[in-house]
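For reference, the structure discussed in these notes is given below.
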Amino acid sequence: MTASARTPATRAGGVRAASQLGELRLRGMSRAYGAYTALHPLDLTVRGGEFVALLGPSGCGKTTALNCLAGLLPLTAGEILLDGKRVDTVPPEKRGFGMVFQNYALFPHLTVRANVAFGLKMRGVPKAEIQRRVEEVLRLVRLGEHAHKHPGQLSGGQQQRVAIARAIVMEPPLVLMDEPLSNLDAALRLEMRSEIRRLHQEFGLTTLYVTHDQEEALSLADRLVVLDAGRVSQIGTPAELYEHPADPHVAAFMGYRNLLALEVVSARGPEVVAARRGLRLTGTVVGDARVTQGQQVTVAIRPEDVRIAEEGEPRVAEAVAEIVEYHGRVLHVEAVTADGDRVHLRAGREVRPGDAIALAVDAERALVFGAGGAPAGAAEPGGSAEPGGSAEPDEPGGPEGSAESTGPATLAKSADSSEPGDSSEPTASAESTASAGSGESAEEGSR
């Protein structure tokens, strides 16, 4: 089932959980620090019950966007409308949004039950209602038997569930999640992905989720917003971005590990023959772009779309397997051509390091992007990777991660450096801001 076909789950009794939010609209939302713009004007409409993921490398502005929505950062320009009412001028504690931070931000001296109940107590919700809502949420996140424990007695996955429970017990119109799974191990990440999607459906939540993990975004979201250097690269469903990336930057995030800088030999309609030195392939032009003979292009190919050529089949290149990784039924192979170009592929038969192999790719699986589409870090065959832009912080004080290349003619992944602009450390949460304003301590809130 594709993301666009997902429907909310039903609660007990067959009643579907309805979203409290009709529509969230961002109009030209931006954030700048002096002459540097961390988030360029962002226009986005989120429908009630939708799960939207902001995806991009560190420094792309995704956490800045989330903090602007939460009210932890003031907007430089633009506005935020919640069901037609402007909320960007409203203090964070009065927006009513739930927020889940990367580091959980739990009160260590309070029990699980007291942590979840804290926001409700700060809002003056009657004690009986607090007890009812807390017990229901703890049951849904499967922490009922741990309600008496303190955060230090819980595993990482259990602590993250407490943070999620604390956010959704407020029954917020919008839940903001800032890389909530990045501190968990691989097994727990898979488990919590399913848990977050289940809770989103059962509670009828509207969720905005920040991540740099494309697999996480594809599995959770109804729509993706890919950001690059503070600008939107593409918005669409997981299927749209996976099958039809708008540019090489989006392609890199969607798993097109082979990004080859080639030159057009011939072009006939959408079909293009491109080559350089030992590489020669036929690809398909993306969108309505027009390319001409001699033009420099970037060709994006997934590793699973590169195969070892059969006898008599047209060959893209001759290469030697250098690195072979075992992944169960398939092998992940990194091969090197005689001219030093690296190509990533998956093989269903035995390949050993040092084996000579011939490579083949179907034309419809090789996406051709015209001039101006080359990503930062892409390299020409035999040359070194040159940064596509200057390193600038998402917020002042740290460098932005530039894309790095594993070798000539290939962009293996986007770099993932850390900087203040995409830090997940909160300066204040909506509920802690509220408690500070009321002069009450967390200890008092637990009584």
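Excluded from the calculations below are hydrogen atoms, water molecules and symmetry mates; all remaining heavy atoms, backbone and side chain alike, are included. In this chain, residues are counted from 1 in sequence order.
Although no hydrogens or angles enter the test, the distance criterion places no donor-acceptor pair under 3.5 Å between the side chain of Lys62 and the main chain of Leu54. With Gln159 contributing its side chain and Leu154 its backbone, the two residues share a donor-acceptor pair below 3.5 Å. Using modelled atom types, no side-chain atom of Arg302 and backbone atom of Arg365 make a donor-acceptor pair closer than 3.5 Å. A donor-acceptor pair under 3.5 Å is formed between the side chain of Arg95 and the backbone N or O of Asp88. Of the possible polar contacts, none joining the Glu202 side chain to the Leu199 backbone as a donor-acceptor pair under 3.5 Å is found. Distance alone, capped at 3.5 Å, places no donor-acceptor pair between the Arg346 side chain and the Pro303 backbone. Checked by atom type and distance alone, the side chain of Thr64 never pairs as donor or acceptor with a backbone atom of Ala38 at under 3.5 Å. Checked by atom type and distance alone, the side chain of Asn258 never pairs as donor or acceptor with a backbone atom of Val343 at under 3.5 Å. Judged purely by atom type and a 3.5 angstrom limit, Arg31 uses its side chain to pair as donor or acceptor with the backbone of Pro74. With Gln234 contributing its side chain and Ala246 its backbone, the two residues share a donor-acceptor pair below 3.5 Å.
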* **side chain to side chain contact (heavy atoms under 4.5 Å, CB included) between Val250 and Asp247, worked out** => CA-CA 6 Å; Val250 178; Asp247 57 42; 3.3 Å; yes
* Going through the checks in order, is the side chain to side chain contact (heavy atoms under 4.5 Å, CB included) test met by Met99 and Leu66? -> CA-CA 9 Å; Met99 189 153 187; Leu66 206 72; 3.9 Å; yes
* To do: Walk me through it: do Val112 and Leu138 pass the test side chain to side chain contact (heavy atoms under 4.5 Å, CB included)?
  => CA-CA 9 Å; Val112 168; Leu138 288 178; 3.7 Å; yes
* Asked: So Leu181 and Glu195, side chain to side chain contact (heavy atoms under 4.5 Å, CB included) or not? Walk me through it.
  -> CA-CA 11 Å; Leu181 306 184; Glu195 197 76 6; over 6 Å; no
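Separation of atoms CD (Glu179) and OG1 (Thr63) is listed at 5.5 Å; rounding is to 0.5 Å. Within the model, atoms CG of Leu331 and CD of Glu350 stand 8.0 Å from one another, a figure rounded to the nearest 0.5 Å. Here the CZ-CD1 distance, from Arg161 to Ile196, works out to 10.5 Å after rounding to the nearest 0.5 Å. Note that CZ of Arg27 and CG of Leu81 are 5.0 Å apart. Values are rounded to the nearest 0.5 Å. The distance from atom NE2 of His332 to atom CG of Leu345, rounded to the nearest 0.5 Å, is 9.5 Å. Atom CG of Leu224 is separated from atom OG1 of Thr237 by 7.5 Å, given to the nearest 0.5 angstrom.
Residues Phe253 and Pro245 form no side-chain contact, since every pair of their non-hydrogen atoms from C-beta on lies 4.5 Å or further apart. Side chains of Val125 and Arg132 form no contact here, defined as non-hydrogen atoms less than 4.5 Å apart. At least one side-chain heavy atom of Pro173 sits less than 4.5 Å from a side-chain heavy atom of Phe97. Within the 4.5 Å cutoff, the side chain of Val232 has heavy atoms near those of the Leu227 side chain. In this structure the side chain of Val306 never reaches within 4.5 angstrom of the side chain of His344, judged on heavy atoms. At least one side-chain heavy atom of Gln160 sits less than 4.5 Å from a side-chain heavy atom of Val100. Side-chain contact between Leu44 and Arg223: present, with at least one pair of heavy atoms (C-beta onward) separated by less than 4.5 Å. Within the 4.5 Å cutoff, no side-chain heavy atoms of Gln153 are placed close to those of His148.
In this structure, Gly96 and Pro172 approach most closely via the heavy-atom pair O-CB, 3.2 Å. For Val351 against Ala321, the heavy-atom pair with the smallest separation is CG1-CB, 3.7 Å. Taking all atoms of both residues into account, the shortest heavy-atom contact from Met29 to Cys68 is SD-CB, 4.0 Å. Closest heavy-atom contact between Leu21 and Val46: CD2-O, 3.9 Å. Pairing each heavy atom of Thr211 with each of Ala217, the nearest pair is CG2-CB, 3.9 Å. Across all their heavy atoms, Glu364 and Leu367 have their closest contact at O-CD2, 4.1 Å.
Between Glu136 and Arg133 there is no salt bridge, since no side-chain nitrogen of the basic residue lies less than 4.0 Å from a carboxylate oxygen of the acidic one. At a threshold of 4.0 Å, the pair Glu216-Arg193 does not count as salt-bridged, since none of the basic side-chain nitrogens sits closer than that to a carboxylate oxygen. Checked for salt-bridge contact, Asp305 and Arg257 miss the test: no charged N lies under 4.0 Å from a carboxylate O. Ion pairing of Arg189 with Asp213 is present here, as a side-chain N (NZ or NE/NH1/NH2) and a carboxylate O approach within less than 4.0 Å.
Scored by the side chain to side chain donor-acceptor pair (under 3.5 Å) test, Ser155 finds Gln158 as partners (sequence neighbours excluded).
Counting heavy atoms of neighbouring residues, nucleotides and ligands inside a 6.0 Å radius, atom CD of Gln131 does not exceed 12 of them. The neighbour count for Glu129 CD, taken as heavy atoms of other residues, nucleotides or ligands under 6.0 Å away, is above 12.
Judged purely by distance below 3.5 Å, without hydrogens or angles, the side chains of Asp228 and Ser233 never pair a donor atom with an acceptor atom.
Between Phe51 and Tyr209, the ring-plane angle classifies as tilted under the 30° and 60° cut-offs.
In this structure, Arg166 forms no cation-pi arrangement with Tyr104, as its terminal cationic atom is not both closer than 6.0 Å to the ring centre and no more than 45° off the ring axis.
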